[in-house]
Amino acid sequence: MGSLDANCIASPRGFSPLDIDDFRQQAHQTVEFICEYYKGIESHPVVPQVEPGYLRRLLPETPSAQPMPFAKVLSEVQATVLPGMTHWTNPNFFAYFPATLSSAALCGDLLASALNPVAFNWLSSPAVTELESLTLDWLAQLIRLPKGFLFSAGGGGVLQATTSEAVLCTLVAARKMVLERAGHDGADKLVVYASDQTHSTFAKACKIAGIAPANIRIIPTAREDLFSLRPDSLRAAMEADAAAGLLPAYVCATVGTTSSTAVDPVAQLAEVAGRFGAWVHVDAAYAGSACVCPEFRHHLDGVDRVDSISMSPHKWLLTGLDCCCLWVRDRARLTTSLSTDPEYLKNRATESGLVVDYKDWQIGTGRRFRALKLFMVMRCYGTANLQSHIRSDVRMARGFEEMVAADTRFEVVVPRRFALVCFRMRPRRAGADGEAEADAANRRLLEEVNNSGGIYATHTVIGGIYVIRFAVGTTLTEERHVKAAWELFRAKADAAWKQPGDHAWLRPSFYPRFDLAKPWMGPSPKACNESTSRIDKNPCGRCLRRDFRCRTTVRCGQTYTHFFRFNGCKGV
């Protein structure tokens, strides 16, 4: 690195990385950049049309020795980063689960970053700790959690980054609880339970917590039960393990599974687990937000019998990543399993026992000021608007479900509970061969729809069936986007049954398409009447500055699409 060091010459006017006037100017430029991005969000292809490693070909291999003007850095972000972004805030994003955002959350994050506290204990920033405790109590009341989960009753809440951390922390607490009760160090005998619909983060957390892979019970579910975990299946598994001298320790129930938003019967599962003294955690990462509406609260019935529950407002409650709420009914069980007490953190407030030290509620020590954005969302919008937001998404999803049901070529695979619709094209004949053909056709349908650049949806496999998932919930999504998405599925449905031939290059979706004026803005088809001829598939791999010329028209059904051919790299 000698050559780099030789080029590092300090600025003549000195280095002032937090100059207030500079910040004011740069913040204005950044806000303008963001506003223009959102104004043009629909012109972006939802999923980027880039190849792995594209960014390394566009940016220098070594860091800059000298500073660049802020405006130039923003331009570089626009030219290199935006083309590789999957646009989760695009209103045509219907994949996975939504990652909702709002202006209140954005501003809250900015304020939190500006204040930049490292709030590992109460003394390190009292307001950060107390605002988090209060906001978690507010949200617990909003989704009508039992009083036992409030701080005043010996419970309480903490903000984790994601559900993965919430599950891991409660697993560690359950491990300590069960081993202390057993009176011996039998960690190899601990057994944990979940359904085959539980999020994959459960298995990962078990590995980190030291649960033997052979002791992780993944219990099958069935379509006739709407993929919920049956209490009798759980009972049978726990009885067999107890009879074998093992220690049932932890049950993870889910309210709103990732594949199909299945809802496990919390009350019945908690009753079964209670007979064996196992910890019960409820993962309501997605659907927990819906429980701000009274009509969805029944999905949490029985939560008064569980030990912990988590939900992620960054999914559906406008808060932005990352923000996962974890509540426990007995906070001492959690904190004693995670606490540390180094000399350099000792203080009178902690020793008084009157304060919360959140370092003992999580894996790490340092932590972000996540509570501020959640606080601002709740204060700026109020319960009524949060409920309206959820109901609007559910209404749009219901409309999509009705359109699917009205088309005899399609079927809804599982009834919609929230704002996710799981559907597919029906098999054209009975039997295993018909199902295999239907799976292949649905794969091609989803691929063609996603390749169009117009929307993005994802799939799952439940009960051995390939299913398309259509998740409504992105903050900017309106009814017109949902209707347009359905029309796209309908338009491509019949062609998806055809086996791909040797002339796939004739399909417009085979090629990336770019707007010449703003190459990062995404596809811009144009009418063209030129004759058909083959064109190159790939744009320049070294830069994003392209020299295109009109080359071909490709006929696909009744649609003509204008393509452009790369004509030589001219450098950045």
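Along the sequence shown, the residues carry numbers beginning at 1. All values below were derived from every heavy atom in this structure, side-chain atoms included, with hydrogens, water molecules and symmetry-related copies excluded. What you are looking at is a predicted structure, and each value in this text was computed from that prediction instead of being measured.
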- Task: Go through the steps for Y193 and D241 under the test side-chain hydrogen bond (donor to acceptor under 3.5 Å, both in side chains), then give the verdict.
- Result: CA-CA 11 Å; Y193 307 83; D241 288 330; 2.7 Å; yes
Checking the side chain of [X] only, and the main-chain atoms of [Y] only, is there a donor and an acceptor separated by less than 3.5 Å?
X: N215; Y: I211; value: no
X: T86; Y: V47; value: no
X: T475; Y: S102; value: no
X: K373; Y: G320; value: yes
X: R480; Y: T477; value: no
X: D307; Y: H281; value: no
X: T458; Y: Y96; value: yes
X: W486; Y: G399; value: no
X: R275; Y: R235; value: no
X: R469; Y: A457; value: no

- Message: Do the side chains of D301 and R297 get close enough for a salt bridge, i.e. N-O under 4.0 angstrom?
- Response: yes
- Item | Salt-bridge present (E401, R398; N to O < 4.0 Å) | no
Rounded distance [0.5 Å steps], [atom1] in [X] versus [atom2] in [Y]:
X: C291; Y: H299; atom1: SG; atom2: NE2; result: 7.0 Å
X: L168; Y: F202; atom1: CG; atom2: CZ; result: 11.5 Å
X: Y250; Y: C206; atom1: OH; atom2: SG; result: 8.0 Å
X: T198; Y: I216; atom1: OG1; atom2: CD1; result: 11.5 Å
X: C169; Y: L326; atom1: SG; atom2: CG; result: 7.0 Å
X: C422; Y: R416; atom1: SG; atom2: CZ; result: 11.5 Å

- Query: For E479, does the CD atom have more than 12 heavy-atom neighbours from other residues, nucleotides or ligands under 6.0 Å away?
  - Reply: no
- Message: Counting only heavy atoms not in R144 (residues, nucleotides, ligands), do more than 12 fall under 6.0 Å from its CZ?
- Response: yes
Name all residues meeting the side chain to side chain donor-acceptor pair (under 3.5 Å) criterion together with [X]; count only those two or more places apart in sequence or in a different chain, and write none if there are none.
X: N385; answer: none
X: Q141; answer: none
X: R230; answer: D225, D232

- Task: Before giving the answer on salt bridge (charged side-chain N to carboxylate O under 4.0 Å, His left out), spell out for E447 and R444 the whole-Å C-alpha distance, their side-chain angles and the decisive distance to 0.1 Å.
- Result: CA-CA 5 Å; E447 181 181 356; R444 287 193 292 270; over 6 Å; no
What pairs with [X] under side chain to side chain contact (heavy atoms under 4.5 Å, CB included), at least two apart in sequence or on another chain?
X: Q387; answer: V292, C293, P294, T383, R391
X: A493; answer: R409, F410, M425
X: Q268; answer: P231, P265
X: P427; answer: E411, R424, E435, A438

- Item | Side chains of H481 and L476 in contact at under 4.5 Å (non-hydrogen atoms) | no
- Message: Taking the side chain as everything from C-beta on, heavy atoms only, tell me whether R223 gets closer than 4.5 Å to I462.
- Response: no
- Among pairs that include at least one residue of residues 251-267, which meet side-chain hydrogen bond (donor to acceptor under 3.5 Å, both in side chains), considering only residues two or more places apart or in two chains? S259-T460
Please find the pair of heavy atoms, one from [X] and one from [Y], that lie closest to each other, and give the distance.
X: D196; Y: I218; answer: CA-CG2, 3.5 Å
X: V482; Y: M396; answer: CG1-O, 3.9 Å
X: D283; Y: C252; answer: CB-SG, 4.3 Å
X: P98; Y: T474; answer: CB-N, 3.8 Å
X: A95; Y: A471; answer: O-CB, 4.3 Å
X: I309; Y: V303; answer: CD1-CG2, 3.9 Å

- Verify side-chain hydrogen bond (donor to acceptor under 3.5 Å, both in side chains) between W279 and T170, making sure each step is shown before the conclusion. CA-CA 8 Å; W279 183 293; T170 53; 4.7 Å; no
- Task: Could you please spell out the steps behind the side-chain contact (heavy atoms from CB on, under 4.5 Å) verdict for F149 and V306?
- Result: CA-CA 10 Å; F149 287 99; V306 309; 4.0 Å; yes
Residues in ring-ring contact (aromatic ring centres under 6.0 Å, His included) with [X], at least two apart?
X: F489; value: F423
X: H314; value: none
X: H199; value: none
X: Y286; value: F97, W316

- Item | E437/R428 under salt bridge (charged side-chain N to carboxylate O under 4.0 Å, His left out): CA gap, chis, key distance, verdict | CA-CA 8 Å; E437 291 170 358; R428 290 188 168 181; over 6 Å; no
- Query: Under 6.0 Å between ring centres, would you say that holds for H389 and Y381?
  - Reply: no
- Message: Applying the ring pair (Phe, Tyr, Trp, His ring centres under 6.0 Å) criterion to H44, which one of Y37, F93, W88 satisfies it?
- Response: Y37
